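Okay, structure first, notes after.
Owing to the predicted nature of the structure, the values given are computational and were not obtained by experimental measurement. Naming: A, B, ... by sequence-line order, numbering from 1 per chain.
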2 protein chains.
Amino acid sequence: MSPDTFLKTLFTAAVAAADPARCLPPHLPAPPKGRTLVIGAGKAAAAMAKAVEEHWSGPLEGLVVTRYGHGMACKRIEAVEAAHPVPDSAGREASIRILDMIGGLTADDLVLCLISGGGSALLAAPAPGLSLDDKRDVTARLLRSGATISEINCVRKHLSAIKGGRLAVACAPARVVTLAISDVPGDDLSAIASGPTVADPTTFADALAVLAAYGIEEPAPVLAHLKAAAEETPKPGDPRLVRAETKLIATPQVSLEAAARAARDAGVTPVILGDSIEGEARDIALMHAGIARQVARHRQPASAPAVLLSGGETTVTLRGKGRGGRNAEFLLALTIALNGDAGIHALACDTDGIDGSEDNAGALAGPDSLARAKALGLDARASLADNDGYGFFAKLGDLIVTGPTRTNVNDFRAILIEDDSN
Amino acid sequence: MSPDTFLKTLFTAAVAAADPARCLPPHLPAPPKGRTLVIGAGKAAAAMAKAVEEHWSGPLEGLVVTRYGHGMACKRIEAVEAAHPVPDSAGREASIRILDMIGGLTADDLVLCLISGGGSALLAAPAPGLSLDDKRDVTARLLRSGATISEINCVRKHLSAIKGGRLAVACAPARVVTLAISDVPGDDLSAIASGPTVADPTTFADALAVLAAYGIEEPAPVLAHLKAAAEETPKPGDPRLVRAETKLIATPQVSLEAAARAARDAGVTPVILGDSIEGEARDIALMHAGIARQVARHRQPASAPAVLLSGGETTVTLRGKGRGGRNAEFLLALTIALNGDAGIHALACDTDGIDGSEDNAGALAGPDSLARAKALGLDARASLADNDGYGFFAKLGDLIVTGPTRTNVNDFRAILIEDDSN
């Protein structure tokens with residue numbers, strides 16, 4: 001097996017472990033006495049709905065929202081598409097229809113809530129009195145301010161009719177079983193799609209404190225809404241959530257473990273570095289390069305042949321005008337750092353099949369990448385300075401294009417260090 | 001043993017493994033028929049000279065240059081102090097005296113050349129026709145340009161009377177034994193103190209190409225000198241270097257291994273991630289945090305109790321006006337990322353005893369650091385934004401102050417993940 005084929009096999013194993021068709025059915029609860037409603041949102045929503053349909057014996061109805069291009073033909077559940085990461089009216093309409101659908105349920109009914117990454121933007125239902133523009137405005141201000149994702153989510157949950165457990169409250173007294181695919185650090189249930197069916201420990205006062213901390217005083221309707229503090233999100237222990245439970249059906253770690261098994265099957269020692277690595281992509285690449293060289297030079301933390309595996313979500317501070325997501329940026333920086341080191345090959349892809357806003361999942365790199373680039377007149381450092389990872393690997397013919405995978409357990413990186421003796 | 005004591009024990013073991021008194025004597029050659037001259041430069045130069053004196057049986061004379069504050073009383077070898085990282089006239093005078101001293105040696109003589117990190121700035125002898133100001137000027141321009149350290153060294157070696165093997169050429173026909181302490185990635189001999197006794201594969205033409213690539217057209221004497229290309233540095237295979245050999249007596253890896261042994265002795269599993277980790281300190285901290293959490297949550301790449309060990313040299317892009325070197329910056333970012341995670345303690349120190357230009361080697365952090373800071377009215381995020389790692393840990397009373405250790409195998413980081421059951 002060539003290094004590239006080996007690395008692609010690992011990526012395929014990681015994505016397959018998070019494929020709803022495979023990981024969802026074992027988690028389905030018993031059918032209820034009453035009705036079964038299927039609702040949900042996220043990049044995997046349509047694929048999850050289809051998996052439910054194919055394994056559910058009783059009657060079934062419902063509506064889920066997924067990202068444009070991530071739809072799948074379902075028979076009994078309606079699967080609509082909407083915009084991500086910036087919400088649009090299609091997402092808002094679908095969210096309102098979902099809220100209508102779950103009104104008036106009884107204790108005999110069951111709601112299956114199918115949640116995956118991206119669901120937060122797709123379930124765009126502003127709290128009464130707020131417009132979608134108000135939410136977009138304050139979100140944009142928070143993103144520019146340097147606020148952390150948990151601070152941003154604290155604010156979002158208090159501007160929504162759905163997030164922060166409100167969706168589960170709206171389902172009461174029905175039983176709510178949430179099947180979730182995690183794309184967040186630590187698999188924090190209240191963070192996946194902003195936890196629409198999970199208790200929210202944060203308060204209106206916390207949300208106001210976040211805005212104050214970053215000096216955000218607009219838009220006025222948002223501040224007025226937070227100050228009014230009309231109806232708090234359900235807190236841990238809230239009796240309205242007593243019949244709401246969540247099952248994690250896929251996680252970054254499970255996908256890394258699947259890749260690790262595939263590596264072992266090929267006689268390569270897997271080293272899982274972390275399922276939630278964060279940081280600037282080009283610096284995280286330098287550290288991966290440092291560990292890869294440690295394997296090659298000192299047989300630590302494992303002897304070659306070994307493959308370093310990591311998940312999580314890096315960030316890219318845009319400085320240039322090139323194309324590419326965080327995985328292409330990571331891989332380009334890694335390629336420069338390794339400087340043609342013999343026997344080291346790497347793959348970096350987003351498990352959802354879309355690296356940033358391009359048409360590729362990620363790319364492949366190897367010891368000859370820099371030399372091949374040079375032969376084409378491509379300057380790797382200049383490409384990195386321009387944030388043009390996509391352009392760099394596209395010209396080399398080394399993009400990995402899968403199309404939407406209809407699941408999402410965040411980034412996947414694999415670095416193979418071959419044995420000297422090979 | 002408390003976590004802090006444990007981590008300090010590891011740091012002490014790492015520094016002790018690179019202490020010239022311990023690591024130098026086994027590498028001393030047999031005395032020559034003729035004279036023995038000891039020369040050298042670097043943060044460890046005085047300590048290395050003292051170790052030679054104490055273990056050398058025959059007659060001995062010489063001169064070494066170390067950084068201000070890193071001197072040690074020697075009896076037969078003169079140890080002078082000079083400025084680092086920006087060279088001063090004391091360094092230039094000492095360099096000229098060293099060149100005088102090695103003129104006219106015979107094949108029966110032996111030169112012991114004691115090299116360690118920092119030696120490049122301390123051995124400041126411009127090539128004939130160039131001033132120290134010319135060298136400082138072009139170095140400053142290169143540092144601002146984004147040139148890599150190997151590109152900068154290529155230029156430096158072609159502006160010096162000493163670097164890039166020229167010192168060894170000046171010693172011929174005497175035998176030259178260089179004893180070196182490495183602080184560079186991959187222990188590249190031509191990179192430690194710009195390799196004064198090691199063949200230089202780069203050329204005047206390469207140096208000119210570097211300046212052209214970064215659009216540097218001044219100072220004029222520098223460009224004139226490079227264009228004149230009067231006398232090339234010795235290349236690999238140069239007969240004048242046939243009697244020059246180098247022995248690495250201490251390296252980052254050997255120090256990490258010593259810390260790993262100390263960890264094992266305490267029943268803690270060591271995981272050496274790399275001896276040459278580079279990248280922006282705060283992002284490298286995020287990745288260390290991610291790996292530490294992987295140990296705590298998933299027992300990968302090792303089960304707790306475990307200690308992650310890494311060396312190398314991170315960088316800090318200055319944005320604020322605070323105090324602190326790269327180790328304090330790393331540790332502050334790590335503390336924020338771990339957010340009080342139970343059972344994780346860390347140490348980050350420069351093995352030379354000086355983190356940046358402060359009076360501390362580094363600092364310690366633990367699960368209660370953020371809470372203690374908050375109680376003191378200290379905002380960790382604001383401190384990081386201001387690059388004030390020193391101020392943050394000073395107020396907590398968690399600085400590690402050793403004074404100059406008189407050796408240098410670069411940064412040392414240790415992160416202990418305690419066993420849950422403890």
Side-chain angles (χ1 to χ4, degrees), chain A residues 146-148 150-151 185-187 213-214 251-254 256-257 260 269-302 306 308-315 317 333 336-337 339 341 379 381-382 385, chain B residues 146-148 150-151 185-187 213 251-254 256-257 260 269-302 306 308-315 317 333 336-337 339 341 379 381-382 384-385:
Chain A
T148 66
S150 67
E151 289 173 326
D187 303 325
Y214 294 99
T251 66
Q253 177 67 17
V254 167
L256 291 169
E257 299 274 11
T269 304
V271 179
I272 299 181
L273 295 171
D275 67 353
S276 51
I277 301 294
E278 299 177 285
E280 185 74 18
R282 62 182 65 196
D283 295 285
I284 298 308
L286 286 175
M287 178 137 179
H288 278 78
I291 301 173
R293 284 184 159 153
Q294 190 73 9
V295 173
R297 288 184 191 145
H298 300 295
R299 309 176 75 82
Q300 294 166 337
L308 306 178
L309 300 170
S310 73
E313 184 170 329
T314 63
T315 49
T317 303
I336 294 168
N339 194 27
D341 265 16
D379 180 335
R381 285 180 189 278
Chain B
T148 66
S150 66
E151 289 172 329
D187 304 324
T251 66
Q253 177 67 15
V254 167
L256 290 169
E257 299 273 10
T269 305
V271 179
I272 299 181
L273 294 171
D275 67 353
S276 51
I277 301 293
E278 299 177 286
E280 184 73 19
R282 62 183 64 196
D283 295 285
I284 298 308
L286 286 175
M287 180 137 178
H288 279 78
I291 301 174
R293 285 183 159 154
Q294 189 73 8
V295 173
R297 287 184 191 148
H298 300 294
R299 309 175 77 79
Q300 294 166 336
L308 306 178
L309 300 171
S310 72
E313 184 170 329
T314 63
T315 49
T317 303
I336 294 169
N339 194 28
D341 266 16
D379 181 334
R381 284 178 189 279
L384 182 60

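In this structure, OG1 on A/T317 lies 8.0 Å from CG on B/D283, to the nearest 0.5 angstrom. The structure places OG1 of A/T315 at 8.0 Å from CG of B/L286, a figure rounded to the nearest 0.5 Å.
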Audit row: B/H298, A/D275, side chain to side chain contact (heavy atoms under 4.5 Å, CB included) steps and yes/no: CA-CA 9 Å; B/H298 300 294; A/D275 67 353; 3.1 Å; yes
Might you work through the side chain to side chain contact (heavy atoms under 4.5 Å, CB included) test for A/Q300 and B/E257, ending with a clear yes or no? CA-CA 11 Å; A/Q300 294 166 337; B/E257 299 273 10; 3.1 Å; yes
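For chain B, no part of A/R293 is nearby; none of its heavy atoms comes within less than 4.5 Å. When heavy atoms are compared at a cutoff of 4.5 Å, B/R282 does not approach chain A at all.
Residue with the most contacts toward chain B among A/S276, A/A385, A/G186: A/G186 (heavy-atom pairs, distance under 4.5 Å). Contacts with chain B were tallied for A/I284, A/V271, A/V295; A/I284 has the most, counting heavy-atom pairs under 4.5 Å. Annotation: maximal heavy-atom pairing with chain B below 4.5 Å, among A/P301, A/P185, A/P270, occurs at A/P301.
Here the closest non-hydrogen pair linking A/L273 and B/Q294 is O-CB, 3.5 Å. Taking both residues in full, the closest heavy atoms of B/I277 and A/I291 are given as CD1-N, 4.2 Å, listed atom of the first, atom of the second, then distance.
Residues A/E278 and B/M287 are not in side-chain contact: their nearest non-hydrogen atoms beyond the backbone lie 4.5 Å or more apart.
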